[in-house]
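Everything on this sheet refers to the single structure shown next.
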Amino acid sequence: MGNYMRFRLGAIIALIGLILGACTSSPSVPPPVSQPLPAPASPPAMTPPASSIVKPSPSPSPMAVPAPGFSLTLRGHFGFMPASWDFEAARLAGGTYDRPYFELFEWGRIEHLPGQYDFSETDKYVRRAQEYGMHILANIQPFASWDQTKCHSDLTATTGLGGGGPTMTRGKPCNMERYRTFVMRLVERYDGDGVDDMPGLRVPIKHWEMMNEPEFQTPPLVFFQGSSADYLETLKVTWEAVKKADTEAVVVQGGMAGMMEECVRFWQGVFDLGGGEYFDIANMHSIGHGEHLNIPAFKQFLSRNRLQDKPVWVTEVQFQQARETQVFSAEEFARILTRSYIFALANDVDKLFYVNIRLPPVRHGVPFDERSALIRDNGEKAPLFYAHQTVARLLGDFEAGDRAVILHEKVGPWHIEEGQYRFSVKGRTVYALFGSGVLPSELNGKVRVTDISGLSRIVEASSVRLTDSPIFVEQLS
């Protein structure tokens, strides 16, 4: 098994404790922990007078539950996979989206036997998520054991999630029409149109993802057992059912695990058969692939297939703990995430889902530790939390009608070495800068400089020197 597969398996196994726990009860939300903001990751080059230091805005309270008619255009670019591990911290960090564990919306988990539907588990989850105003990206798993036995005797039953899922085959549905009916009933229950909705629904589900990494078909990671054509057939039926049940809903590509050969080969097969017509949002994953999150290569792949106009989401973001002999500190993780998210937003990525809001209590030897989580094991907020919160606070309102200009960018094989970006955010201009040298020449006089911990200082532009720790700069005079 290669390094990537070992790391990827560890990431999946890290979710097993979450999956098993969520199957039996909802994880409790720990009380918020009041912590002082950490010191800046890199000492600033200037030492302004104390009177020029501006404290960051208070952390927002959990979002009020939206009324019926909740808009699909929910603001924000950030989510977690899954946010349910700590909904309150996810909201305070600026997250507005949640990608629950894969099996929550699995066909056989809801339609236990043909025609026997039980939405109690999904209803419970949706009610809890909407208490925090979280918008769910639901992953449809088109597998039911009672359906699979009808036509997949040639396939080997597996546990799917590195040992954490139910044991069954995972081929395309045998009875596509019964599967179509399931999808329509599922989408109808959570579409918020007032017809056959979940009782008390106030935050509809409008984003439906079709499987997870279907190109992974070899133990221990078996998410699908079928060809590109089999996936496309299932995707097409899913698309048609989702759109028929809810004309406002959108379908998300089943997250592409990376730009490895097996991933490109599988998805190229889907695209060659016209599969690009049956999803609205292109979806990439990046577990240990670097700060660039596979974005440049993925966008080139989409462009080669004339899919460059699809919005791009990265629904799994996680960074390796070590590169060769280097072990990242908690502060370095904060710098990495900030550089990565700035780069992604400037390069037209619409949504980013970080994997570890906090770690599950059972680790199973995974290559993550609490330095890669926003919330430490003892409940304290880590530097990653404040970095995520700062990016969300300053760039979270950046929308399609706004503009991002890349002033300078240098991308290495793993690090984004230098970046100078100008964002127009609701009439404000925010510069996101890191690397070396001085500020762009268009910045002069008094400026507000905010570091990744959220602390702001008002200084002379000429006194600022860039480092590998990003800063956000706004012109004052």
Side-chain angles (χ1 to χ4, degrees), residues 1-2 4-5 8-9 12 102-103 105-108 139-162 165-183 208-243 251-285 294 297-298 300-302 304-307 310 315-316:
M1 187 184 297
Y4 169 74
M5 285 300 296
R8 179 67 188 165
L9 174 58
I12 295 298
F102 311 136
E103 294 171 313
F105 295 94
E106 186 174 82
W107 182 12
N139 191 298
I140 298 177
Q141 295 284 303
F143 315 120
S145 58
W146 53 262
D147 174 74
Q148 291 283 307
T149 57
K150 295 177 180 179
C151 67
H152 291 309
S153 60
D154 59 319
L155 298 179
T156 301
T158 72
T159 53
L161 292 175
T167 300
M168 65 177 173
T169 60
R170 287 175 171 78
K172 69 179 183 179
C174 298
N175 189 329
M176 279 292 183
E177 290 311 305
R178 186 171 287 281
Y179 168 67
R180 185 193 303 270
T181 299
F182 159 72
V183 174
W208 298 93
E209 182 180 1
M210 176 53 192
M211 294 194 212
N212 172 74
E213 300 177 355
E215 66 268 35
F216 273 7
Q217 303 192 14
T218 303
L221 299 180
V222 180
F223 295 121
F224 182 53
Q225 294 168 295
S227 65
S228 297
D230 292 335
Y231 177 84
L232 176 55
E233 182 181 353
T234 313
L235 174 64
K236 183 175 185 293
V237 170
T238 305
W239 162 276
E240 293 169 347
V242 168
K243 298 294 183 177
V251 175
V252 181
Q253 173 194 4
M256 186 172 173
M259 296 305 298
M260 298 82 73
E261 181 181 352
E262 63 268 36
C263 303
V264 172
R265 182 171 58 250
F266 180 89
W267 284 104
Q268 187 62 64
V270 175
F271 297 158
D272 286 344
L273 295 171
E277 298 180 26
Y278 300 107
F279 62 86
D280 303 287
I281 295 171
N283 181 9
M284 170 54 65
H285 291 171
N294 288 313
F298 184 51
Q300 290 173 9
F301 183 48
L302 294 174
R304 289 197 302 271
N305 287 281
R306 300 180 181 179
L307 300 172
K310 300 279 188 185
T315 60
E316 292 186 20

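Excluded from the calculations below are hydrogen atoms, water molecules and symmetry mates; all remaining heavy atoms, backbone and side chain alike, are included.
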Exam field: side chain [X] to backbone [Y], donor-acceptor pair closer than 3.5 Å:
X: Asn305; Y: Leu307; value: no
X: Gln225; Y: Val222; value: no
X: Gln148; Y: Gly171; value: yes

Check against salt bridge (Lys or Arg N to Asp or Glu O under 4.0 Å), Asp280 and Lys243:
CA-CA 11 Å; Asp280 303 287; Lys243 298 294 183 177; 3.0 Å; yes

From [X] [atom1] over to [Y] [atom2], what is the distance, rounded to the nearest 0.5 angstrom?
X: Gln253; Y: Asn283; atom1: CD; atom2: CG; answer: 6.0 Å
X: Gln268; Y: Glu215; atom1: CD; atom2: CD; answer: 13.0 Å
X: Met256; Y: His285; atom1: CE; atom2: NE2; answer: 11.0 Å

Step-by-step side chain to side chain contact (heavy atoms under 4.5 Å, CB included) determination, Val252 to Phe279
CA-CA 6 Å; Val252 181; Phe279 62 86; over 6 Å; no

Nearest non-hydrogen partners of Thr159 and Arg170, listed with the distance:
O-NH2, 3.6 Å

Side chains of Thr238 and Tyr278: do they bring a donor and an acceptor to under 3.5 Å?
no

Test log, rule side chain to side chain contact (heavy atoms under 4.5 Å, CB included), inputs Met259 and Phe301:
CA-CA 9 Å; Met259 296 305 298; Phe301 183 48; 3.9 Å; yes

[X] and [Y]: aromatic ring centres closer than 6.0 Å?
X: Tyr231; Y: Trp267; value: yes
X: Phe216; Y: Phe224; value: no
X: Trp208; Y: Trp239; value: no

Where do Arg304 and Gln300 land on the side chain to side chain contact (heavy atoms under 4.5 Å, CB included) test, with the steps shown first?
CA-CA 6 Å; Arg304 289 197 302 271; Gln300 290 173 9; 4.2 Å; yes

Go through it in stages, so that I can follow the logic: the residues are Glu233 and Lys236, the test is salt bridge (Lys or Arg N to Asp or Glu O under 4.0 Å), and I'd like the CA-CA distance, side-chain angles, deciding distance and then a yes or no.
CA-CA 5 Å; Glu233 182 181 353; Lys236 183 175 185 293; over 6 Å; no

How far apart are the C-alpha atoms of Asn212 and Glu316, what are their side-chain angles, what is the distance that settles it, and do they pass the side chain to side chain contact (heavy atoms under 4.5 Å, CB included) test?
CA-CA 11 Å; Asn212 172 74; Glu316 292 186 20; 3.4 Å; yes

